[in-house]
Number of protein chains: 4
Amino acid sequence: MSRIDKKQAILDTALTLFVSQGFYATSTASIAKKAGVATGTLFHHFPSKEALINHLYLSIKQEFADAIQSKISQKGELKTDAQNLWQVAINWAMENPLKQEFFQQYSMSPSIASEVRLQAMNSILGFMGQLIKQGQKAGVLADYPLSLMLESCHGQYLAATRYFIDNPTSWKDEEYKRSSFAMFWNAMKA
Amino acid sequence: MSRIDKKQAILDTALTLFVSQGFYATSTASIAKKAGVATGTLFHHFPSKEALINHLYLSIKQEFADAIQSKISQKGELKTDAQNLWQVAINWAMENPLKQEFFQQYSMSPSIASEVRLQAMNSILGFMGQLIKQGQKAGVLADYPLSLMLESCHGQYLAATRYFIDNPTSWKDEEYKRSSFAMFWNAMKA
Amino acid sequence: MSRIDKKQAILDTALTLFVSQGFYATSTASIAKKAGVATGTLFHHFPSKEALINHLYLSIKQEFADAIQSKISQKGELKTDAQNLWQVAINWAMENPLKQEFFQQYSMSPSIASEVRLQAMNSILGFMGQLIKQGQKAGVLADYPLSLMLESCHGQYLAATRYFIDNPTSWKDEEYKRSSFAMFWNAMKA
Amino acid sequence: MSRIDKKQAILDTALTLFVSQGFYATSTASIAKKAGVATGTLFHHFPSKEALINHLYLSIKQEFADAIQSKISQKGELKTDAQNLWQVAINWAMENPLKQEFFQQYSMSPSIASEVRLQAMNSILGFMGQLIKQGQKAGVLADYPLSLMLESCHGQYLAATRYFIDNPTSWKDEEYKRSSFAMFWNAMKA
DNA sequence: CATGAATGAGTGTTCATTCAT
DNA sequence: AATGAATGAACACTCATTCAT
């Protein structure tokens with residue numbers, strides 16, 4: 001196993017254990033053991049357990065942002081774009097349930113340094129903010145305060161993924177898919 | 001200080017410390033000290049630290065449910081009722097920011113036994129479920145799957161309180177108040 | 001074993017182990033085990049290993065100062081007083097070889113906080129300083145700079161106890177006893 | 001940087017760090033880093049951390065012995081020779097404060113193997129022993145037991161250098177210089 | 001020779017919990 | 001019921017040392 005493999009093995013194992021047992025109930029020793037490395041190796045790559053979870057948080061947020069932005073295109077028809085975005089975002093969650101679960105658990109938790117949380121939030125919200133402003137200019141979206149809309153979007157997304165991850169078959173059901181987008185869209189439309 | 005006072009002091013202090021430092025970063029000794037009781041006393045009232053936070057969770061959820069249900073009345077006009085409900089619910093959060101923050105942090109956290117979480121959830125959602133079903137029968141609310149709507153409601157509520165607790169002055173601003181309800185209502189309306 | 005007994009057992013054991021193995025080679029666990037208490041108990045009485053050795057250092061210095069000052073009397077004839085002082089001080093060292101060894105090892109070591117070292121030093125040196133000044137005024141002692149004389153006294157005392165502890169039978173030999181005092185006294189006399 | 005340069009860099013850095021932080025508080029990694037070499041390199045030159053400090057101790061003792069012996073000459077007048085010796089020895093300490101401080105800290109510490117300490121001691125004391133014996137034969141020095149006098153000399157030297165290193169300007173003051181030698185000499189003279 | 005990633009035994013310290021008073 | 005000293009398992013983290021490159 002190469003250097004990079006070891007680092008990745010630590011990150012992967014940490015993700016699994018943090019989600020299934022929680023941050024504090026997961027000892028660094030157990031991460032190292034399950035990842036197949038020595039305890040010291042974990043601390044060779046990450047200066048502390050805190051640094052490990054922060055790194056995990058940021059890298060997953062980045063991975064999510066990259067996945068979304070690479071797959072959506074703006075063709076002009078905003079509702080279609082939004083529908084596409086919603087589908088891609090929830091698809092990502094369905095394909096990465098562990099990572100999504102990680103967000104659900106740690107987005108509000110004091111285990112993640114608040115500055116890290118902010119930094120991650122802004123990278124995504126900047127992008128969403130642009131979209132919403134465009135929609136408002138075009139008269140398609142309601143003129144609610146931007147920051148409130150962003151928080152609402154985020155809340156709806158968390159709620160929808162929570163639901164579909166707990167009930168994965170529903171995501172294959174067109175009625176559920178359509179309903180979830182409808183609630184998301186109607187909340188914001190003009 | 002009487003028995004009951006001591007028990008309450010422990011609960012109050014635990015709430016404050018769990019929210020500001022997190023469950024695992026808060027030692028039972030520090031709770032006892034700040035509450036002005038001996039370390040052993042905490043364990044006379046609660047068999048374990050886990051039992052303490054579970055008790056806290058359930059009692060706050062109950063307090064919330066009581067506060068809501070005592071203040072809303074169903075006059076027949078569903079939208080007005082909903083508006084009233086939304087306002088009452090967010091008011092409660094604004095008046096009890098520590099308790100609301102506690103929900104935000106622990107609703108998704110493995111610190112709370114999942115059965116306790118479910119139990120608390122159902123007591124509130126049962127009530128909400130009734131309201132939504134009525135609205136659908138009356139043709140005022142859209143016919144989306146009930147469980148999905150409940151999750152969405154919950155998500156919107158969490159998002160809104162998150163926002164207003166972070167920006168308390170906005171809750172005095174009619175535009176923000178109206179906007180937040182509009183998003184909540186439009187998401188669900190027929 | 002009572003509370004105080006446990007604390008004392010910890011101090012006694014720490015003294016023995018610190019002297020025989022050194023501060024860093026002595027684990028807190030080994031101190032606790034040999035003292036017959038749990039590891040946590042050590043930290044119940046001393047907030048840290050550092051605090052333990054500092055406490056040890058100060059309490060032994062105090063014990064030495066008390067022992068000396070209780071046994072010497074100033075009759076006016078300074079040389080006789082000095083001889084008495086020298087004998088009492090070395091006797092103390094011979095009767096407390098562990099404590100003397102502790103000084104030898106830790107008086108110069110960075111294991112003891114420098115402020116603690118200073119504090120201890122001053123309590124003894126204040127007393128010695130008085131004696132020397134009296135001797136100078138009486139014309140019995142040479143008019144060397146006081147601080148230099150104090151350092152020299154200390155050095156002679158450390159050297160003598162080092163020697164007699166390594167060669168305990170010599171302390172019963174009048175020639176050695178007389179010689180050691182002669183060097184001490186002649187160094188300072190007018 | 002050549003092999004020898006690297007080895008010297010390691011020794012120099014080790015000296016600095018051992019003195020300023022203590023042996024156990026100085027990690028081999030920190031020595032290597034500050035010396036500008038890899039961690040493994042340190043272990044190419046010294047089989048262990050222990051070996052490193054022992055080497056350091058012996059080489060500095062040797063350096064001291066060489067410096068002293070190269071600069072003193074025995075002209076016959078013992079007091080003058082002694083004065084010269086005292087001055088040269090303290091001068092060396094003043095010019096090599098780090099190395100002197102190293103002795104102060106480690107001469108009594110268990111960090112240095114006791115056999116190494118003895119070996120170093122004897123190389124110097126052998127030389128001093130000769131001088132004292134000559135002085136006694138010539139009737140200039142008192143007939144105290146030799147081993148006791150050697151220990152006393154050493155103690156006075158340590159005390160004097162401690163003082164002058166802490167108060168470097170005093171060493172330029174003739175009064176202090178004269179006083180320190182006077183105490184040293186009077187202690188031993190016949 | 002030189003490197004630095006990897007190792008894993010060992011450390012100081014914490015803390016939920018117990019129990020004699 | 002209330003206390004707080006005592007417990008000891010568990011933890012995050014360190015570090016001298018090794019060895020493949």
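By convention in this document, chain letters (A, B, ...) are assigned in the order of the sequence lines, proteins followed by strands, and residues within each chain are numbered from 1.
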Checklist entry - Should the pair D:Lys61 and D:Phe103 be classed as cation-pi, given the thresholds of under 6.0 Å to the six-membered ring centre and 45° from the axis? => result yes
Checklist entry - Could you state the CD1-P distance from B:Ile53 to E:dA16, rounded to the nearest angstrom? => result 12 Å
Checklist outcome for this item: Rounded to whole Å, the CZ-P distance (C:Phe46 to E:dT13) equals 13 Å
Checklist entry - How long is the line joining CG of B:Leu42 and P of E:dC19, in whole Å? => result 17 Å
Next on the checklist: So, OP1 or OP2 of F:dT7: does either fall under 4.0 Å of a side-chain N or O from C:Thr41?
Outcome noted: yes
Item to check | Distance test, side-chain N/O of B:His44 to OP1/OP2 of E:dT18, below 4.0 Å | outcome: no
Checklist entry - On the ring face of C:Phe46, is C:Lys7 found with NZ or CZ under 6.0 Å from the centre and within 45° of the axis? => result yes
Item to check | Residue-phosphate contact under 4.0 Å: A:His45 side-chain N/O, E:dA6 OP1/OP2 | outcome: yes
Next on the checklist: Looking at F:dA6, I'd like to know if its phosphate oxygens (OP1 or OP2) sit under 4.0 Å from a side-chain N or O belonging to C:Lys7.
Outcome noted: no
Checklist outcome for this item: Side-chain contact check for C:Ala38: nearest option of E:dG4, F:dT7, E:dT14 is F:dT7
Checklist entry - Heavy-atom distance under 4.5 Å between the side chains of A:Ile31 and A:Leu52, does that happen here? => result yes
Next on the checklist: Is it the case that the side chain of B:Thr41 and the backbone of B:Val37 share a donor-acceptor pair, with hydrogens and angles ignored and the cut-off at 3.5 Å?
Outcome noted: no
Item to check | A:Tyr106 side-chain N/O to A:Arg117 backbone N/O, donor-acceptor pair under 3.5 Å | outcome: no
Checklist entry - Which nucleotide sits closest to the side chain of A:Lys6: E:dA6, E:dA2, F:dA12? => result E:dA6
Checklist outcome for this item: One should report the stems of DNA chain F, each a stretch of at least three consecutive Watson-Crick or G-U pairs at distances under 3.5 Å, as E:2-21 with F:2-21
Next on the checklist: Starting the side chain at C-beta, find the nucleotide from F:dA6, F:dC13, F:dT18 nearest to D:Thr39.
Outcome noted: F:dT18
Next on the checklist: Which label fits B:Tyr57 and B:Phe102: parallel for a plane angle under 30°, tilted from 30 to 60°, or perpendicular past 60°?
Outcome noted: tilted
Checklist entry - Looking at DNA chain E, which of residues 12-35 of chain D put a heavy atom within less than 4.0 Å of it? => result none
Checklist entry - With respect to the side chain of D:Val37, which nucleotide from E:dT3, E:dA6, F:dT17 is positioned closest? => result E:dT3
Checklist entry - Could you state the CG-P distance from A:Asp5 to E:dA5, rounded to the nearest angstrom? => result 15 Å
Item to check | Cationic tip of C:Lys49 above C:Phe23 ring, under 6.0 Å, 45° of axis | outcome: yes
Checklist entry - Between A:Lys99 and A:Leu56, is any pair of side-chain heavy atoms under 4.5 Å apart? => result no
Checklist entry - Looking only at atom types and distance, does a side-chain atom of A:Ser109 sit under 3.5 Å from a main-chain N or O of A:Gln105, one as donor and one as acceptor? => result no
Checklist outcome for this item: When rounded to whole Å, the NZ to P distance for the pair C:Lys49 and E:dT11 reads 8 Å
Next on the checklist: From CZ of B:Phe43 over to P of E:dT17, roughly how many Å is that when rounded to an integer?
Outcome noted: 5 Å
Next on the checklist: Nearest heavy atom decides the nucleotide; on that basis, is D:Gly40 or B:Gly40 closer to the 5' end of DNA chain F?
Outcome noted: B:Gly40
Item to check | Close side-chain approach of D:Val19 to D:Leu15, heavy-atom, < 4.5 Å | outcome: yes
